[in-house]
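Report on one structure; see the data block that follows.
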Amino acid sequence: MLKDLFKKNIQEPAGSESNPLPEVPEGLWKKCNHCKAPIYTEDVRAAGDICPKCGGYFRMHAWRRIRSVTDENTFEEWDSQMEDGNPLDFPGYRKKLNAQREKTGLSEAVITGKGKIHGYPVVLGVCDARFFMASMGHTVGEKITRAVERATEQKLPVILFACSGGARMQEGIISLMQMAKTAAALKRHSDAGLLYITVLTDPTTGGVTASFAMLGDIILAEPGALIGFAGPRVIEQTIRQKLPEGFQRSEFLLKHGFLDGIVKREHMRDTLGELLRLHTPGKWESRRTQNGKISESCEEPQGKPSSVRLSPWERVQISRSAGRPVGTDYIQGLFTDFQEFHGDRCCGDDPAVVGGIALFRGRPVTVIAQEKGKNTKDNIYRNFGMPSPEGYRKALRLMKQAEKFHRPVICFVDTPGAFCGMEAEERGQGEAIARNLYEMSSLQTPILSVVIGEGGSGGALALAVSDQVWMLENAVYSILSPEGFASILWKDSKKAPEAAKVMKLNAGDLKKMGVIERVISEQQKASQENLGWLCRRLGMYIEEFLDRYENMSVQDLTEGRYQRFRKM
């Protein structure tokens, strides 16, 4: 009825005797900042503070946020009342604090406490933009720091929903010090091997962005959220230019490597619950049927093997064939519950490298794959599997994360080589590859690499400094392509077939030389038709590998990896 009344009175002149102006209660209607339409407030709340007409996001109050993600009646607030102060004796500050409290019903701009998400205990912090735009004064910093310290003591993960206009100007340098204080507490939490997730909401700017907001093991964001150090108005005034559409929004940050993912509000609770489950010991059973159970048949497919007595050049061509399964095919075939993470936290997100966490037969693993794509459009998007520096840095970031949480790393290698382009050189292609070799050599968790197609040069080696390296029967692994080899040594790329023979790049020769440990039979050549059989066979070997290497001491693990390459 109220909706009809509102519609009637925006269509007819108001205030006359025939049509008196109704007294609409304050807050009954909202105006969407995105589509500018008037919306019934209850419809907005029922939709999770999302415009039911255009899908635009309203800023969510802290308590509504807590109720939306935590299990019912599980949240226990901490430090609800803390003594505040006025470190600069700023005129009128205390009066404004009291006014904010009266207006919002909050004691400060963040609520902290302990609750459960899908049954998993977690320490939660949620900022509320209604209180001084969630600016970080010393009380906000203190509440977050205390919450992180208690989480460290209780060995609990932390999830912080960030939202802030930045530092609280009325507290000056003391506000600035909260950046260091919260970061130091989070470092101790991380050193204890505990999970920290941040969710960036609109807006997340200034000192909050430059401290706790960007330090998560996993960084998520809501769609369209403004995220940046300097606000857009400050940037425009400084450079005297109009900023492009979408600058500093979530999608911009994802593209530039600073987010693991963008999660819609209606999926946030389930996403957080899944991430907590994958990081909770003893809670790793898959939610769906595991592909490649040991009990399934691994007998050879019927028919005469088509890969017998192939020349090295023929194997090169097979390794490059369009129908050959790619990295994501093996991820889907061997693992369940895969959660892809994006970005190198430095420059960008390289689609030529896909990585994240998953379950392998009930065990959490980090899986990383070089990805060529399956069709022309996908090939172009994936840069034909030729990673840029961002791809190698993303891979290394995920490996270091795996080391922290004691997850084995499984890499699928399939690349003609690292991308050779001007922009790759500008962003440090050589340094990125070198850093991977350096860090992988002593990574304190098992690493297995499987060459599934092409293993080209240092671009492949950057994902293959492992405890063991395996190859599919028709994969190749070499210093560079046969065409390049022939061009350099014989000044004739047409001699590529002859080069392939002398390079000894096929799996059989490399196993004889001790470069790899295992050759995986393909039988009728790797294809979508026999992918299931290949994954079952490969899965049994992976399980054997994990059983052996996960039981090794860190010292034996890293020493064995060092000696593996030392003897070559």
Side-chain angles (χ1 to χ4, degrees), residues 117-123 148 151-160 185-199 212 214-220 259-261 271-287 331 334-345 353-369 393-411 436 439-449 463 466-467 542-543 545-547 549-555 557-558 561:
I117 300 176
H118 283 304
Y120 301 107
V122 62
V123 170
V148 173
T152 306
E153 291 170 5
Q154 298 180 29
K155 301 187 183 305
L156 291 175
V158 172
I159 299 176
L160 291 181
L186 287 165
K187 180 63 167 66
R188 290 190 172 191
H189 183 264
S190 181
D191 288 346
L194 299 169
L195 175 66
Y196 173 43
I197 301 174
T198 55
V199 183
F212 68 84
M214 298 303 291
L215 293 175
D217 296 303
I218 300 167
I219 303 178
L220 307 175
L259 301 179
D260 283 292
T271 298
L272 294 175
E274 180 69 1
L275 292 173
L276 291 171
R277 183 177 72 89
L278 290 171
H279 288 84
T280 303
K283 302 292 184 181
W284 297 327
E285 294 79 9
S286 174
R287 289 180 290 105
I331 292 176
L334 284 162
F335 308 96
T336 62
D337 307 84
F338 177 63
Q339 296 283 325
E340 183 177 0
F341 295 153
H342 295 270
D344 65 350
R345 297 290 193 275
V353 176
V354 176
I357 58 175
L359 293 181
F360 174 76
R361 298 181 178 177
R363 309 186 203 208
V365 296
T366 289
V367 56
I368 301 167
R393 290 175 178 134
K394 173 168 65 173
L396 182 57
R397 178 178 75 83
L398 295 178
M399 290 181 201
K400 297 300 286 186
Q401 187 185 91
E403 181 180 54
K404 172 181 174 179
F405 295 111
H406 310 292
R407 287 193 299 264
V409 176
I410 300 175
C411 298
N436 278 32
E439 295 288 353
M440 290 178 74
S441 70
S442 62
L443 200 74
Q444 297 183 13
T445 198
I447 314 173
L448 170 66
S449 296
L463 291 187
S466 309
D467 301 298
I542 291 174
E543 188 158 43
F545 172 88
L546 295 178
D547 286 342
Y549 283 88
E550 281 194 296
N551 290 316
M552 283 188 179
S553 68
V554 169
Q555 183 177 354
L557 184 72
T558 55
R561 194 180 307 144

Spatial distance of atom CD1 (I410) from atom CD1 (I542) [nearest 0.5 Å]:
4.5 Å
Are the side chains of P446 and D467 in contact, using a 4.5 Å heavy-atom criterion?
yes
Which heavy atom in L276 sits nearest to a heavy atom in P157, and how many Å separate them?
CD2-CG, 3.7 Å
Restricting to non-hydrogen atoms, name the atom on L398 and the atom on G356 that form the minimum distance, rounded to 0.1 Å.
CD1-N, 3.8 Å
Step-by-step side-chain contact (heavy atoms from CB on, under 4.5 Å) determination, R361 to E543:
CA-CA 8 Å; R361 298 181 178 177; E543 188 158 43; 2.9 Å; yes
Looking at every heavy atom in both R561 and S466, which two are closest together, and how far apart are they?
CG-O, 3.7 Å
Test side chain to side chain contact (heavy atoms under 4.5 Å, CB included) applied to T445 - qualifying residues, sequence neighbours left out
V409, L443
Can you sort out the partners of R188 under salt bridge (Lys or Arg N to Asp or Glu O under 4.0 Å), two or more places apart, ordered by chain and number?
none
Value for CG (L259) from CE (M214), rounded to nearest 0.5 Å, stands at 6.0 Å
Residues which pass side chain to side chain contact (heavy atoms under 4.5 Å, CB included) with L215, listed by chain and number, not counting sequence neighbours
A183, L186, Y196
Listed by chain and number, what are the salt bridge (Lys or Arg N to Asp or Glu O under 4.0 Å) partners of K155, not counting sequence neighbours?
none
Tell me, with the steps shown, if R345 and I219 meet side-chain contact (heavy atoms from CB on, under 4.5 Å).
CA-CA 10 Å; R345 297 290 193 275; I219 303 178; 3.4 Å; yes
Any E274 side-chain heavy atom under 4.5 Å of I357 side chain:
no
Please list, chain by chain and in numerical order, all residues satisfying ring-ring contact (aromatic ring centres under 6.0 Å, His included) with F405, sequence neighbours excluded.
H279
Among residues at least two apart in sequence or on other chains, which ones pass side chain to side chain contact (heavy atoms under 4.5 Å, CB included) with E439?
L396, K400, R435
Flag, side chain of H189 to backbone of L156, donor-acceptor distance under 3.5 Å:
yes
Locate the shortest heavy-atom distance separating A151 from V158; write the atom from each residue and the value.
CB-CG2, 3.4 Å
Are L448 and L546 close enough, and set up right, to give a side-chain contact (heavy atoms from CB on, under 4.5 Å), and what steps lead you there?
CA-CA 9 Å; L448 170 66; L546 295 178; over 6 Å; no
Could you tell me which residues satisfy salt bridge (Lys or Arg N to Asp or Glu O under 4.0 Å) with D217, sequence neighbours excluded, listed by chain and number?
K404
For E340, which residues count as a salt bridge (Lys or Arg N to Asp or Glu O under 4.0 Å) partner, sequence neighbours excluded?
none
List in chain and number order the residues that pass side-chain hydrogen bond (donor to acceptor under 3.5 Å, both in side chains) with T366, two or more places apart in sequence or in another chain; answer none if no residue qualifies.
R407
Charged N to carboxylate O below 4.0 Å: is that the case for K394 and D260?
no
Non-neighbouring partners of N551 that pass side-chain hydrogen bond (donor to acceptor under 3.5 Å, both in side chains), sequence neighbours left out:
none
For A395, enumerate each residue passing the side chain to side chain contact (heavy atoms under 4.5 Å, CB included) test, keeping only those at least two apart in sequence or located in another chain.
V353, I368, M399, N436, L463
Could you report the tightest heavy-atom contact between F545 and I447, atom names first, then the distance?
CZ-O, 3.4 Å
V148 side chain reached by F212 side chain, heavy atoms, under 4.5 Å:
no
One should read off an interatomic distance between F338 CZ and I331 CD1, to the nearest 0.5 angstrom, of 4.5 Å
Expected output: side-chain R397 to main-chain H342 donor-acceptor under 3.5 Å:
yes
Going from CD1 on I159 to CG on L272, what distance comes out if it is rounded to the nearest 0.5 angstrom?
4.5 Å
Restricting to non-hydrogen atoms, name the atom on L195 and the atom on L275 that form the minimum distance, rounded to 0.1 Å.
CD2-O, 4.3 Å
Q444 meets the side-chain hydrogen bond (donor to acceptor under 3.5 Å, both in side chains) criterion, sequence neighbours left out, with none
If you define the side chain from C-beta out and look only at heavy atoms, does anything of V367 sit under 4.5 Å from L334?
no
